[in-house]
Amino acid sequence: MNIKKTITTENTRTELFCFTCEGEVTEYHLIIHAKAGELNFQQQLDAVLDSYEQLKTSELNGATAVIKRYFLSDVANQADAVLLADSSDCAKSIIGQPPLDGSKIGLWVYLLTNVSSRQLESGLYEVGHGQFRHLWNASAHNTAQNSEYQTRLLFNEYVMQLAQEGCTLADNCMRTWLFVNDVDVNYAGVVAARNKVFFTQGLTEDTHYIASTGIGGRAHNAKVMTQMDNYAIAGIKKEQVHYLYAPTHLNRTSDYGVSFERGTYIDYQDRRHVIISGTASINNKGQIEHPKDIVKQAHRMWDNVEALLHEADCGFEDVGMMIVYLRDIADYSTVCHLFDERFPQHPRIIVHAPVCREGWLIEMECVAVKQQHAANMPAF
């Protein structure tokens, strides 16, 4: 069962998604928005964290935070304050992607009940339940000389971290996010590095890639051109993982030289998890649909996402959270109105983050979860 609700305080608004089923684990997605106004950054940060602490005792039933992502309006001047204020033991992603509602900070938190959590010697965060260890990592970065070298080092380090946990990139990694500073300049290097690393790890168009979002975003240190978050599952079986293509709407990413999956779904005994990669207004020939028209691009983007969800036997009603990326901040009011009309209760945040091709004005990603009964699959 899915529950969606909005909780407001004097200085925040929280959109909450809760998934419950017959299994032991309840899932939550929170998106906490600071209300735009006269509060400075520290006051907005305190308000967001206060709301989160209140929700932990009132709504979240002792749930454990799995990953937190902070969206900041001026990451160079704000990241230190976040790290000082939030000492929680989970993967923390901090990225310069300004919320477009006028606030200085937004926060997405994913939480689970009845799980154990710890940081491993590899540096990954383990969230354990049953036979699975869910491995999360956030804000990985380095300051090598260019975006290609930085990305190659990021993936090489991640491959070694996974190896420490008895995992591989090909068999266990389910999701990556690549945040690229000045994406119009540096994305080509990210693509080149990912293609090379994936080939060495047995990830090709004839096997499979990994669900991903590659998007504009600035790290705390201006020398960082690529910052990465990632998610893997230790103990997962190949028959549990399926890749989404929606060929009536989308082409294979390898057609235009990049290497990620449009989406992935993972089956457990009691639920199906669906991960939709960053998706824009594209057709099944790899061409941008509706150049320079933000409204039509938004509708085509929704069509593409819906086609991917349907391939996983899900729909927008199963979506737990959305992140929406806009190239032009002037499009915010139009896009916000469109989402308010179609998805009035879905947790979401709209941020300023240029998409990886200049002609795309908007992109979105989402996650969905749906109850199922699959006796031949292990429980989540």
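Values below: all heavy atoms of this structure, side chains included; hydrogens, waters and symmetry mates excluded. None of the values given here were measured: they were computed from a predicted structure.
Note on Arg327 versus Asp184: salt bridge recorded, some NZ/NE/NH1/NH2 to OD/OE distance being below 4.0 Å. Using a cut-off of 4.0 Å between Lys/Arg side-chain N and Asp/Glu carboxylate O, Lys196 and Glu148 are scored as salt-bridged. With salt bridges taken as basic N to acidic carboxylate O contacts below 4.0 Å, one links Glu165 and Arg133. Salt-bridge check for Lys68 with Asp86: passed, with a basic side-chain N closer than 4.0 Å to an acidic carboxylate O. Using a cutoff of 4.0 Å between basic side-chain nitrogens and carboxylate oxygens, Lys370 and Glu27 are not scored as salt-bridged.
For the atom pair CG (Asn195) and CZ (Phe260), the distance works out to 11.0 Å, reported to the nearest 0.5 Å.
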For this session: Report the C-alpha distance between Gln78 and Ser73 in whole Å, list the side-chain angles of each, state the deciding distance to 0.1 Å, and finish with yes or no for side-chain hydrogen bond (donor to acceptor under 3.5 Å, both in side chains).
Result: CA-CA 8 Å; Gln78 297 164 346; Ser73 63; 3.0 Å; yes
For this session: With salt bridge (charged side-chain N to carboxylate O under 4.0 Å, His left out) as the test, would you mind laying out the steps for Glu15 and Lys5 before giving the verdict?
Result: CA-CA 6 Å; Glu15 297 151 355; Lys5 63 193 301 185; over 6 Å; no
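Between Phe198 and Phe155, the distance from one ring center to the other falls under 6.0 angstrom. Between Tyr243 and Tyr209, a ring centre-to-centre spacing not shorter than 6.0 Å is recorded.
Side-chain contact, Thr279 with Asn304: no donor N or O sits under 3.5 Å from an acceptor N or O. Side chains of Tyr110 and His29: no donor on one and acceptor on the other come within 3.5 Å. In this structure, a donor-acceptor pair under 3.5 Å is absent between the side chains of Ser277 and Glu365. No hydrogens or angles considered: a donor-acceptor pair under 3.5 Å links the side chains of Thr151 and Thr226. With 3.5 Å as the limit, one finds no donor-acceptor pair spanning the side chains of Tyr245 and Asn251.
Among Leu100, Ile350, Thr213, the one residue that satisfies the side-chain contact (heavy atoms from CB on, under 4.5 Å) test with Tyr325 is Thr213. Of the listed residues (His273, Lys237, His242), just one forms a side-chain contact (heavy atoms from CB on, under 4.5 Å) with Asp267, and that residue is His242. Of the residues listed (Tyr231, Tyr158, Tyr125), the one engaging Trp136 in a ring pair (Phe, Tyr, Trp, His ring centres under 6.0 Å) is Tyr231, and it is the only one.
Between Ala234 and Asn172, the shortest heavy-atom contact is CA-ND2, 4.0 Å.
Listed for the Arg152 side chain is no donor-acceptor partner under 3.5 Å among the backbone atoms of Arg194. The backbone N or O of Thr12 lies less than 3.5 Å from a partner atom in the side chain of Thr9, making a donor-acceptor pair. Proximity of a side-chain donor or acceptor of Asn2 to a complementary backbone N or O of Phe19 within less than 3.5 Å is not detected. A donor-acceptor pair under 3.5 Å is formed between the side chain of His141 and the backbone N or O of Ser139. Not a single donor-acceptor pair under 3.5 Å links the side chain of His134 to the backbone N or O of His129. Between the side chain of Gln227 and the backbone N or O of Ala219 there is no donor-acceptor pair closer than 3.5 Å. Judged by distance alone, with hydrogens and angles left aside, the side-chain atoms of Gln240 form no donor-acceptor pair with the main-chain N or O of Ile236 at under 3.5 Å. For the pair Gln44 (side chain) and Lys104 (backbone), a donor-acceptor distance under 3.5 Å is present. Side chain of Arg272 to main chain of Ala312: a donor-acceptor pair is present (N/O by atom type, distance under 3.5 Å, no hydrogens or angles). Panel note: side chain Gln150, backbone Lys223; a donor-acceptor pair is recorded below 3.5 Å.
Trp177 carries Arg69 over the face of its six-membered ring, with the cationic atom under 6.0 Å from the centre and within 45° of the normal.
Ring-plane geometry between Trp302 and Phe339 is classed as perpendicular, the angle between the planes exceeding 60 degrees on a 0 to 90 degree scale with a lower cut at 30. Between Tyr256 and Trp360, the two ring planes are perpendicular [angle over 60°; tilted spans 30° to 60°].
Within a 6.0 Å sphere centred on CD of Glu317, other residues, nucleotides and ligands contribute more than 12 heavy atoms.
Residues Leu162 and Val159 share a single hydrophobic cluster, defined by chaining ILVMFWY side chains whose heavy atoms lie under 4.5 Å apart.
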